[in-house]
Amino acid sequence: MKEYVQIFDTTLRDGEQVPGCKLGTNQKVEIAKELEQLGVNVIEAGFPISSPGDFEAVQQIASTIKGTTICALSRAVDKDIQCAGEALKHAVNGRIHTGIGTSDFHIFQKLNSTRENILERGIRAVKLARNLAPEVEFYAEDAGRTDNKFLAQVVEKMIHAGATIINIPDTTGYCLPHQYGEKIKYLMDHVPNMDKAILSTHCHNDLGLATANSIAGIQAGARQIECTINGVGERAGNTSLEEVVMILKQHQDIQLHTSIQTERLTHLSRIVESEMNMQVQRNKAIVGRNAFAHSSGIHQDGVIKSRETYEIIDPKEVGAGSTQIILTARSGRAAIKYRAKLLHVDLSKDQLEEVYHRFLEIADRENQIDDLQLKELLNNVIVCQAQ
Ligand code: KIV
Ligand code: ZN
């Protein structure tokens, strides 16, 4: 039987922390509406104590979006938690996401504290948040570099204090997939009250492993993935929502599913790209503009015969239109015949040969041959041969 994994989107909080990506309240509300339609389970709308603008955005989203849990971030600091609770007052289902650093780097170097004090502060934060919102999620910041034994202690105590979702962030993107998976498994096996909460993955992409780590985490027992559209986020970014969702869709053997309407992925990717002014790399998995484009002759010949030869995802499944056959100097005859046919020109064998040779001369000079250039080429050849 397939189990369900919750998708927690943090585009509007962790994603928006990127320099140059700041969004206004109206932009945030519009993106939140799109996220609700996409089918995410939780929208992390912001960090209300951070600025009056962010408080307003969280408040607006909590008042507007009714079908999705709305989450607000706080540190384990009373005034942060009270502010998050206030911003979520009108949410149908509000969640306060509070937490504190648990690695020795954070405890000793950043917080100048002790493990005992961190536990006390965490418990106090969770208990306060529990009075202000129906759901409390606790994050153990830098869990990726936290000693597992201490982490298990933190998780047990926070669940006991009332948190029902425990976030295990690989804040610095340090872990390898097997290490992150083992960390989740360790917690599943060693936290006595683990059945009273779910574990959440929150992976950063500093080593390009955020997606792999998130998948390793859910394979080891986590049941929520924190991610962002296009993988936007601090430094090298967060786990990309579209990647984890499509991995679960493609690999039915993992036996986990999400509620995401995948045909809306490309549409929302483009909205986030333009609103955040953060261009998606062309070869980005799933939503990059080249994700379903084929330009080499060998691949084109295969895809024209049967799409599955070189595509594991039907572009329609992610709302990316159809497979694209791009004409470049690496293209072959099959691609030219195919593209000519799209222009309603059925080339004979001789015509194809002639077009192909003339095409290569142009293609070696140009990056890509578009429809206009191809039309001109086809006209020239067909008219010449008719004379
Ligand atoms: O990366 C991180 O640790 C975070 C927490 C604040 C959840 O974003
Ligand atoms: Zn983060």
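We count residues from 1, following the sequence as given. Atoms within a ligand are numbered from 1 in the order they appear, just like the ligands themselves.
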task: Could you tell me whether R115 sits above the aromatic face of F150, with NZ or CZ closer than 6.0 angstrom to the six-membered ring centre and within 45 degrees of the axis?
output: yes
field: For P169, the ligand 1 atoms whose distance to one of its heavy atoms is below 4.0 Å
entry: 2 (C), 3 (O)
- prompt: Taking only heavy atoms of E141, which atoms of ligand 1 are found under 4.0 Å from at least one of them?
  reply: 3 (O)
task: Mind listing the closest non-hydrogen atom pair of N167 and E137 along with its distance?
output: CB-OE2, 3.3 Å
field: Heavy-atom closest pair, residues Q351 and D346
entry: OE1-O, 4.0 Å
query: L327 and I382: same hydrophobic cluster, using ILVMFWY side-chain contacts below 4.5 Å?
result: yes
query: Relative to ligand 1, is N167 under 4.0 angstrom through side chain, backbone, both or neither, heavy atoms considered?
result: side chain
query: Hey, is ligand 1 close enough to D14 that some N/O pair sits below 3.5 Å?
result: yes
message: Looking only at protein heavy atoms, which one is nearest to atom 4 (C) of ligand 1, and what is the separation?
response: H202 NE2, 3.5 Å
- request: Give a yes or no on whether a salt bridge exists between E141 and K110, defined as a side-chain N under 4.0 angstrom from a carboxylate O.
  value: yes
T171: numbered ligand 1 atoms lying under 4.0 Å from its heavy atoms: 1 (O), 2 (C), 3 (O)
query: Do the side chains of K249 and H257 get nearer than 4.5 Å, heavy atoms only?
result: no
task: Could you list the atoms of ligand 1 found under 4.0 angstrom from a heavy atom of H204?
output: 1 (O)
task: Could you please compute the angle at the Zn ion (ligand 2) from OD2 of D14 to NE2 of H204, rounded to 10°?
output: 100°
query: With a 4.0 Å heavy-atom cut-off (strictly under), which part of R13 contacts ligand 1: side chain, backbone, both or neither?
result: side chain
field: R333 with E353: basic N within carboxylate O range, under 4.0 Å
entry: yes
